[in-house]
A.B. asks: 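This is the structure I want to talk about, given as structure tokens.
Letters go in sequence order (proteins before strands), and every chain restarts at 1. Values reported hereafter were calculated over all heavy atoms of this structure, with side chains retained and with hydrogens, waters and symmetry mates removed.
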2 protein chains.
Amino acid sequence: MSRLNELRMIARVAQMYHLEGRRQADIAGHFHLSQATVSRMLKRAVAEEIVRTTVVAPSGTYAELERRLRSEFNLSEAIVVECAENRDGAIMARIGEAAAHFLEATLQNEEIIGVSSWSETILKMVENIHPMKSGKARYVVQTLGGMGDPTVQMHANQLTARLARLTGAEARLLSTPGVAASPAAKDVLMDDPFVRETQALFPKITLAIVGIGAMQPSNMLARSGNVFSSQELAEIEEAGGVGDITLRFFNAKGGVVKTPLDERVIGMSLEELAHVDRVIALAGGSSKIGAIQAALRLGIIDILITDRFTASRLAVSEAIEKVG
Amino acid sequence: MSRLNELRMIARVAQMYHLEGRRQADIAGHFHLSQATVSRMLKRAVAEEIVRTTVVAPSGTYAELERRLRSEFNLSEAIVVECAENRDGAIMARIGEAAAHFLEATLQNEEIIGVSSWSETILKMVENIHPMKSGKARYVVQTLGGMGDPTVQMHANQLTARLARLTGAEARLLSTPGVAASPAAKDVLMDDPFVRETQALFPKITLAIVGIGAMQPSNMLARSGNVFSSQELAEIEEAGGVGDITLRFFNAKGGVVKTPLDERVIGMSLEELAHVDRVIALAGGSSKIGAIQAALRLGIIDILITDRFTASRLAVSEAIEKVG
DNA sequence: ATCAATTGAGAATAATTATTCTTGGGTGGG
DNA sequence: CCCACCCAAGAATAATTATTCTCAATTGAT
């Protein structure tokens with residue numbers, strides 16, 4: 001019976017604290033208690049479930065899906081965006097917006113940003129970033145050479161440059177094809193002092209923004225001319241490759257797939273990426289599910305930004321495979 | 001659209017803080033934000049109703065009734081106790097328990113407690129107090145002489161003494177009748193040095209525990225022999241009296257009613273009571289509604305402890321009268 | 001009954017959180 | 001275009017809260 005009297009008082013203290021907004025010391029004075037006691041009563045109020053705090057996700061957000069992604073794939077953060085229709089264009093726009101906001105909110109001073117600048121999603125991100133006047137970032141480093149058609153290559157350079165301008169950083173470009181014709185050709189291309197300089201920054205990147213590619217080349221990539229021939233792609237698939245990040249391939253289990261082609265890519269390696277403090281992956285769309293799942297299994301992505309359709313399928317599929 | 005991205009992040013921060021119990025500085029580190037920003041986001045989360053805190057009153061408590069009593073009667077605190085049946089015996093027992101708990105929880109060191117020791121409710125309170133070993137209170141002062149029958153007078157003394165023992169205090173008794181036969185007789189009784197000494201403590205009382213009497217004498221009071229004759233009671237009623245605290249009468253509007261009888265009472269006056277830091281009134285039961293309501297209007301009671309039936313009728317009745 | 005272990009509360013202190021102060025940028029009116 | 005004002009964010013600081021430390025008292029086990 002005295003327990004009830006005790007709880008009544010605890011409830012009253014909780015009411016004064018949480019609803020009336022009074023300070024603990026104030027409440028302590030009111031009841032002639034010590035502040036320490038009030039603090040303990042409030043703790044007790046939570047334990048007794050007299051005080052309950054709920055966090056309501058705003059509609060259009062998917063906190064539960066995010067939680068599952070974090071937990072299934074051991075991510076530092078996951079952002080799942082609302083998207084009315086499961087269409088690639090819409091999805092990329094929404095992911096881009098969310099990524100832009102996240103970047104703006106969390107970008108530190110003097111960061112060195114790495115960006116693999118030929119994904120449409122990343123383009124959407126850049127389009128949504130507000131200019132940050134007081135030069136926040138130090139460098140924006142292009143982590144993969146341009147693809148095929150020189151016009152598109154320039155596009156990629158421009159995207160990097162634009163991101164640099166928006167973040168008040170200096171752009172460090174890779175004005176070279178992403179894939180050389182041969183290892184020897186790569187050596188030649190790498191001889192360029194600007195290329196060397198940019199590459200030298202890879203280990204210093206503090207924040208990398210990457211897209212995830214499926215074996216099906218994306219629109220942008222396709223338009224940019226063929227990167228790898230279908231024969232080469234077949235070779236990669238043969239070796240188990242299901243997706244790539246900056247043209248570095250991996251298999252469904254999250255293992256790195258090395259083929260001779262690897263020697264011809266001019267860009268950041270997965271090993272280098274693994275050393276980056278924050279790796280943000282932007283990817284969505286039903287055609288990429290498998291690639292994304294595999295990419296997450298690499299264990300080098302810290303933050304995934306995706307759409308609710310993809311998120312849902314990723315979470316379910318991963319959970320099932322773990323049980324199976 | 002960016003508002004949603006902002007709210008998502010706020011929601012996530014709120015989740016980490018409130019549900020995962022992480023520190024603001026920790027969250028700030030996770031998102032590369034400043035602790036100040038996290039604090040502001042959390043404030044915003046409350047404003048946006050992303051975070052909601054509810055205080056659930058344990059069943060068997062009546063927070064809303066208490067709130068109404070506090071507000072209608074301008075009380076510092078109100079305690080409304082659960083009570084299965086609207087029967088005086090049960091009500092007094094519950095009120096006593098609650099009062100005991102409240103006293104134990106809020107009693108300071110060196111307090112000087114005044115107690116008008118002839119109410120059954122106060123007796124129940126004393127019965128429920130656990131001994132406080134490290135002498136908390138300084139004195140327990142009897143604020144009204146005993147009534148009629150010397151046996152009952154002794155009872156009253158014993159109750160005071162018992163409360164003193166339980167609180168580790170020294171008892172200061174009024175070993176005299178509560179009502180003298182005449183003002184002159186009162187002067188004689190007051191000549192007693194112990195009586196004078198006790199009375200001298202009235203202005204030093206820091207916490208007074210009082211009952212509220214209706215014009216209908218209570219069981220205990222009746223058993224103790226008649227205090228006032230029916231003629232005298234009629235005289236008081238004539239003057240508007242509807243209730244008393246330590247035999248000091250007041251009318252329905254909360255005004256003090258002085259009659260010649262007042263000159264014969266040996267006990268604390270309402271003026272003295274008004275100067276006491278904390279005045280705790282213990283009263284319940286349907287027969288006392290009017291008296292309690294009037295007593296509360298006196299404005300000298302800080303804390304009321306009553307039962308849910310009485311509380312409910314008090315709150316309703318006061319609200320109606322205020323509207324009318 | 002005695003004693004170690006446990007509990008409970010306040011005082012003092014450490015940790016955490018809110019706010020003020022300051023700076024720099026954005027904005028809108030002249 | 002310039003200026004004044006407003007707003008946002010972090011650093012520094014003030015305010016608030018949680019915890020540790022201490023002491024005393026209780027309990028349970030001999």
A.B. asks: Output the rounded distance in Å from CG (A:N109) to P (C:dT23).
C.D. replies: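 Result: 17 Å.
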A.B. asks: State whether A:R8 and A:E6 are salt-bridged, where the test is any N-O pair (Lys NZ or Arg NE/NH1/NH2 against Asp/Glu carboxylate O) under 4.0 Å.
C.D. replies: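 The answer is no: the pair does not qualify as a salt bridge.
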A.B. asks: Using atom types as modelled and distance alone, determine if a side-chain donor or acceptor of A:H30 lies under 3.5 Å from a backbone N or O of B:S76.
C.D. replies: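 Here the side-chain-to-backbone pair exists.
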A.B. asks: Rounded to whole Å, please give me the gap between CD in B:E104 and C1' in C:dG8.
C.D. replies: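 Checked: the CD to C1' distance equals 13 Å.
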A.B. asks: Taking the basic N atoms (NZ, or NE/NH1/NH2) and the acidic carboxylate oxygens, is any pair closer than 4.0 Å for B:E97 and B:K124?
C.D. replies: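 No.
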A.B. asks: I'd like to know if B:E48 and B:R44 make a salt bridge, using a cut-off of under 4.0 Å between side-chain N and carboxylate O.
C.D. replies: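 Looking at B:R44 together with B:E48, the answer is yes, because their closest N to O distance falls below 4.0 Å.
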A.B. asks: Take nucleotides 9-21 of chain C nucleotide by nucleotide from the 5' end and write B, S or -, depending on whether a protein heavy atom sits under 4.0 Å from the base, only from the sugar-phosphate, or from neither.
C.D. replies: BBB----SBBBB-
A.B. asks: May I have the distance from B:I27 (atom CD1) to D:dG10 (atom P), rounded to whole angstrom?
C.D. replies: 15 Å
A.B. asks: Looking at A:R68 and A:E66, does any basic side-chain N land under 4.0 Å from a carboxylate oxygen?
C.D. replies: no
A.B. asks: Please determine if B:R12 and B:E20 form a salt bridge, counting it only when a charged side-chain N lies under 4.0 Å from a carboxylate O.
C.D. replies: yes
A.B. asks: Could you tell me the separation between the CG atom of A:L107 and the C1' atom of D:dA9, rounded to a whole number of Å?
C.D. replies: 14 Å
